[in-house]
Amino acid sequence: MISSQDWADTRRLWEYHQMGHSVRPCSVAIGLGSHDLGVADTAADLYRRGMAPLLVFTGATSPTTRERMPRGEAVHYRERALELGVPDSAILVEPRARNTGENIRFSRAVLEEAGVDVASVLLISKPYEERRAYATARKLWPEIEIISASIPMSLDEYVDSIGDARLVIDMLVGALQRLLIYPEQGFMISQHVPADVLQSYERLRQRGFTSRLLRSDAASS
């Protein structure tokens with residue numbers, strides 16, 4: 001049973017995970033691989049709006065995408081963007097990354113190899129991963145401007161799209177845990193977490209929304 005307090009705490013985490021950046025034209029847009037083809041949809045939309053002349057899709061597969069995206073997340077993203085009218089000449093694919101840090105490092109290497117001069121990046125992720133993606137990119141690519149973006153969705157719309165409310169809450173809790181512990185491990189920059197967000201996080205943990213929590217300090221970004 002998900003209580004009204006659980007939902008209030010979840011909304012607080014949802015709002016915190018989103019950066020609220022205003023989208024503007026950048027050197028390139030990078031779509032971070034995941035189970036969510038909405039990332040590719042958002043990238044294609046930003047391309048059509050003139051917000052980036054070039055798209056990079058990055059991602060191999062994970063246990064949650066292996067069956068759904070057997071050719072790899074980045075490849076499926078590319079195919080989706082092509083369906084939506086993005087020309088092949090405007091897409092680069094990075095097919096090896098298996099975590100957020102690798103997404104950033106490997107995409108940077110692909111762009112350098114292609115001779116692309118990068119001053120700013122539209123970093124496209126799932127809605128609840130905006131802050132994690134931003135913090136990771138700022139750590140690994142500090143000299144450029146990072147603007148976080150995702151498909152515009154409310155929490156209710158996202159829950160409906162996933163079809164599993166408890167899983168969504170678990171993912172939000174897991175994402176916040178990483179924001180708390182990864183800076184100490186050198187994976188991302190540290191960011192201020194307001195007291196009310198921490199309180200919501202702790203209540204949700206105590207309520208058992210823990211399936212996406214890391215249980216080993218050896219975990220990577």
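Numbering starts at 1 and runs along the sequence shown. Reckoned from all heavy atoms, side chains included, excluding hydrogens, waters and symmetry mates.
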Query raised in the report: Is it the case that Thr65 and Glu73 place a side-chain donor and acceptor less than 3.5 Å from each other?
Result: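 Looking only at side-chain atoms, Glu73 and Thr65 do form a donor-acceptor pair, the distance falling under 3.5 Å.
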Report task. State whether a side-chain donor-acceptor pair under 3.5 Å links Arg131 with Gln18. Result ->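 Not at all, the side chains of Arg131 and Gln18 share no donor-acceptor pair under 3.5 Å.
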Atom [atom1] in [X], atom [atom2] in [Y]: separation rounded to 0.5 Å?
X      : Y      : atom1 : atom2 : value
Thr42  : Lys126 : OG1   : NZ    : 12.0 Å
Leu55  : Ile91  : CG    : CD1   : 6.0 Å
Asp45  : Ile151 : CG    : CD1   : 8.5 Å
Asn103 : Thr58  : CG    : OG1   : 4.0 Å
Leu176 : Tyr201 : CG    : OH    : 6.0 Å
Leu204 : Gln5   : CG    : CD    : 8.5 Å

Check whether any side-chain N or O of [X] sits under 3.5 Å from a backbone N or O of [Y] as a donor-acceptor pair, and report yes or no.
X      : Y      : result
Glu94  : Arg96  : yes
Arg166 : Ile2   : no
Arg71  : Val75  : no
Tyr77  : Ser34  : yes
Glu102 : Arg98  : yes
Ser148 : Glu130 : yes
Thr210 : Leu213 : no
Ser120 : Ser27  : yes
Glu157 : Ser154 : yes

Report task. Apply the test side chain to side chain contact (heavy atoms under 4.5 Å, CB included) to residues Tyr158 and Asp36: give CA-CA distance (whole Å), side-chain angles for both, the deciding distance (0.1 Å), then the verdict. Result -> CA-CA 11 Å; Tyr158 192 73; Asp36 191 349; 3.8 Å; yes
Quick check: closest heavy atoms across [X] and [Y], and the distance to 0.1 Å?
X      : Y      : answer
His17  : Leu172 : NE2-O, 3.0 Å
Ile144 : Val118 : CG2-O, 3.6 Å
Leu84  : Ala44  : CD1-CB, 3.8 Å
Ser150 : Ser125 : CB-O, 3.1 Å
Ala137 : Leu123 : CB-CD2, 3.8 Å
Pro53  : Tyr47  : O-CE1, 3.6 Å

Query raised in the report: If you look only at pairs with a residue in residues 185-198, which of them pass as a salt bridge (Lys or Arg N to Asp or Glu O under 4.0 Å), with sequence neighbours excluded?
Result: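 Every salt bridge (Lys or Arg N to Asp or Glu O under 4.0 Å) pair that includes a residue of residues 185-198, provided the two are not neighbours, is Arg12-Asp196.
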Requested in this report: Output yes when Arg203 and Asp9 qualify as a salt bridge under the 4.0 Å nitrogen-oxygen rule, no when they do not.
Outcome: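 A salt bridge links Arg203 with Asp9.
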Query raised in the report: Should Glu15 and Arg11 count as an ion pair when the cut-off is N to O under 4.0 Å?
Result: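 Salt bridge: no.
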Heavy-atom check, side chain of [X] versus side chain of [Y], under 4.5 Å:
X      : Y      : value
Leu13  : Ser200 : yes
Arg138 : Met188 : no
Ile147 : Cys26  : yes
Ser3   : Arg207 : yes
Ser161 : Met153 : yes
Ile189 : Gln191 : yes

Report task. Please lay out, stage by stage, how Glu129 and Arg212 fare under the test salt bridge (charged side-chain N to carboxylate O under 4.0 Å, His left out). Result -> CA-CA 13 Å; Glu129 291 279 13; Arg212 292 305 177 97; over 6 Å; no
Any link between [X] and [Y] through a network of hydrophobic side chains (Ile, Leu, Val, Met, Phe, Trp, Tyr) touching at under 4.5 Å?
X      : Y      : result
Met69  : Ile162 : no
Leu179 : Tyr128 : yes
Leu46  : Val28  : no
Leu54  : Val39  : no
Leu180 : Met19  : no

Query raised in the report: Parallel, tilted or perpendicular: which describes the rings of Phe187 and Tyr182, with under 30° parallel and over 60° perpendicular?
Result: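 It falls in the perpendicular class, over 60°.
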**Report entry** Distance under 6.0 Å and angle within 45° of ring axis: Arg78 vs Phe57
**Finding:**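 No, cation not above the ring by the 6.0 Å, 45° rule.
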**Report entry** Whether over 12 other heavy atoms sit under 6.0 Å from Asp88 CG
**Finding:**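 Above 12, so yes.
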**Report entry** Steps toward side chain to side chain contact (heavy atoms under 4.5 Å, CB included) verdict (Asp41, Arg80)
**Finding:** CA-CA 7 Å; Asp41 293 350; Arg80 177 69 167 177; 2.6 Å; yes
**Report entry** Those residues that, when tested against Trp141, pass ring pair (Phe, Tyr, Trp, His ring centres under 6.0 Å) (two or more places apart)
**Finding:**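 Listed in chain order: nothing, the list is empty.
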Query raised in the report: Excluding sequence neighbours, so at least two apart, what forms ring pair (Phe, Tyr, Trp, His ring centres under 6.0 Å) with His21?
Result: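 For His21 the ring pair (Phe, Tyr, Trp, His ring centres under 6.0 Å) partners, ignoring immediate neighbours, are Tyr134.
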Report task. Take Val23 and Leu122, measure what side chain to side chain contact (heavy atoms under 4.5 Å, CB included) needs, and give me the verdict at the end. Result -> CA-CA 8 Å; Val23 172; Leu122 277 170; 3.9 Å; yes
